[in-house]
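A short worksheet on the structure shown next.
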Amino acid sequence: MRIEAEHLSWGVPGKVIVRDVELVVAPGETVGLIGPNGSGKSSLLRCLAGLRTPVAGTVRWNGTDVASRNPRERALRLAFVEQTADTDSDLRVADVVMLGRTAHRSRWRGPDAHDREVVEAALTRLDLGALADRPWKQLSGGERQRTHLARALAQETAALLLDEPTNHLDVRHQLELMELVSGTPQTVVVALHDLAQAARYCDRLVLMHGGSLVAQGSATEVLTAPLLREVFEVDAEIGRDSLGHLAVGYREPAR
Ligand SMILES: Nc1ncnc2c1ncn2[C@@H]1O[C@H](COP(=O)(O)OP(=O)(O)OP(=O)(O)O)[C@@H](O)[C@H]1O
């Protein structure tokens, strides 16, 4: 699915939070959204998901204004995992993942064999098979995060928006999740704080600062020492690690 933001602005009275963003995400592309705390990444993702009404500009999915889609139509096309995703506490892990099937069913029909197959596949992909019957409230932060991702996969959408999906995960699960994200045929926009991970797994990076999109392009175009100094206020050295992946080293900011 193609996702487009045209002259997109959003904010609250007295504060512009997303400022005149122009962005096109091509079908199947994985775009990494980077930027300091408070730069507007989550707000932009919510606008792209159709959960915020722009104060100016438009968000289009495959050319159609997202504002003209009802919540069910949106849920059939795009899955969004927010940073602070929460779920009713009495559910089992498999029930939480089954919530991803809601838009696919009529109101009166319970889960069928296909829904169960999709949920099982999503649980397996996120390494949650052994936890399927565990109560949601007993899960660790990383297990909850993986459960929400499994729910998003069970939605079987053409697009996926992820807000810092690796922040609670151990290293192995971070790598597995980023492999999954970069390998999926879905269109993905993923907010990340780990710049090296963003460089390694995303087709393209988009850098936000103060609500504006200040750079976009390949990792080597966006992750430059002058730009990182200007936006993150750190001295950075960009090189390659022993595996050949782009690596970013930081010095403390000059005072
Ligand atoms: N509903 C709101 N009302 C007022 N201010 C808001 C609202 N939503 C976001 N903000 C502010 O807008 C700015 C951008 O927030 P946002 O969560 O989009 O940033 P972010 O780049 O995702 O940050 P982080 O990296 O810390 O997750 C912040 O200063 C935040 O406090």
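Read the numbers this way: they start at 1 and go in the same order the structure lists the ligands and their atoms. Please read all numbers here as calculations on a predicted model, not as lab measurements. Any value given below was found using the heavy atoms of this structure, including those in side chains, with hydrogens, waters and symmetry copies removed.
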Worksheet entry | Side-chain donor-acceptor contact under 3.5 Å, S42 with D163 | yes
Show me the short polar-atom pairs for ligand 1: any N or O of it lying under 3.5 Å from a protein N or O, with distances only.
unit_1   : atom_1 : unit_2 : atom_2 : d
ligand 1 : 18 (O) : S43    : N      : 2.9
ligand 1 : 18 (O) : S43    : OG     : 2.6
ligand 1 : 19 (O) : G40    : N      : 3.3
ligand 1 : 21 (O) : S39    : N      : 3.1
ligand 1 : 21 (O) : S39    : OG     : 3.4
ligand 1 : 21 (O) : G40    : N      : 3.0
ligand 1 : 21 (O) : K41    : N      : 2.9
ligand 1 : 21 (O) : K41    : NZ     : 2.8
ligand 1 : 22 (O) : S42    : N      : 2.9
ligand 1 : 22 (O) : S42    : OG     : 2.8
ligand 1 : 23 (O) : G38    : N      : 2.8
ligand 1 : 25 (O) : N37    : ND2    : 3.1
ligand 1 : 25 (O) : K41    : NZ     : 2.7
ligand 1 : 25 (O) : H193   : NE2    : 3.1
ligand 1 : 26 (O) : N37    : ND2    : 3.0
ligand 1 : 27 (O) : Q83    : NE2    : 3.2
ligand 1 : 27 (O) : E164   : OE2    : 3.4
ligand 1 : 29 (O) : K15    : NZ     : 3.3

Sequence neighbours excluded, the answer for salt bridge (charged side-chain N to carboxylate O under 4.0 Å, His left out) partners of E6 is R60
Any salt bridge linking R105 with D112? Criterion: basic side-chain nitrogen under 4.0 Å from a carboxylate oxygen.
no
For D203, the side-chain hydrogen bond (donor to acceptor under 3.5 Å, both in side chains) test, sequence neighbours excluded, returns none
Sequence neighbours excluded, the answer for side-chain hydrogen bond (donor to acceptor under 3.5 Å, both in side chains) partners of H173 is D127, D170
Salt-bridge criterion met for E176 and R172 (N-O under 4.0 Å): yes
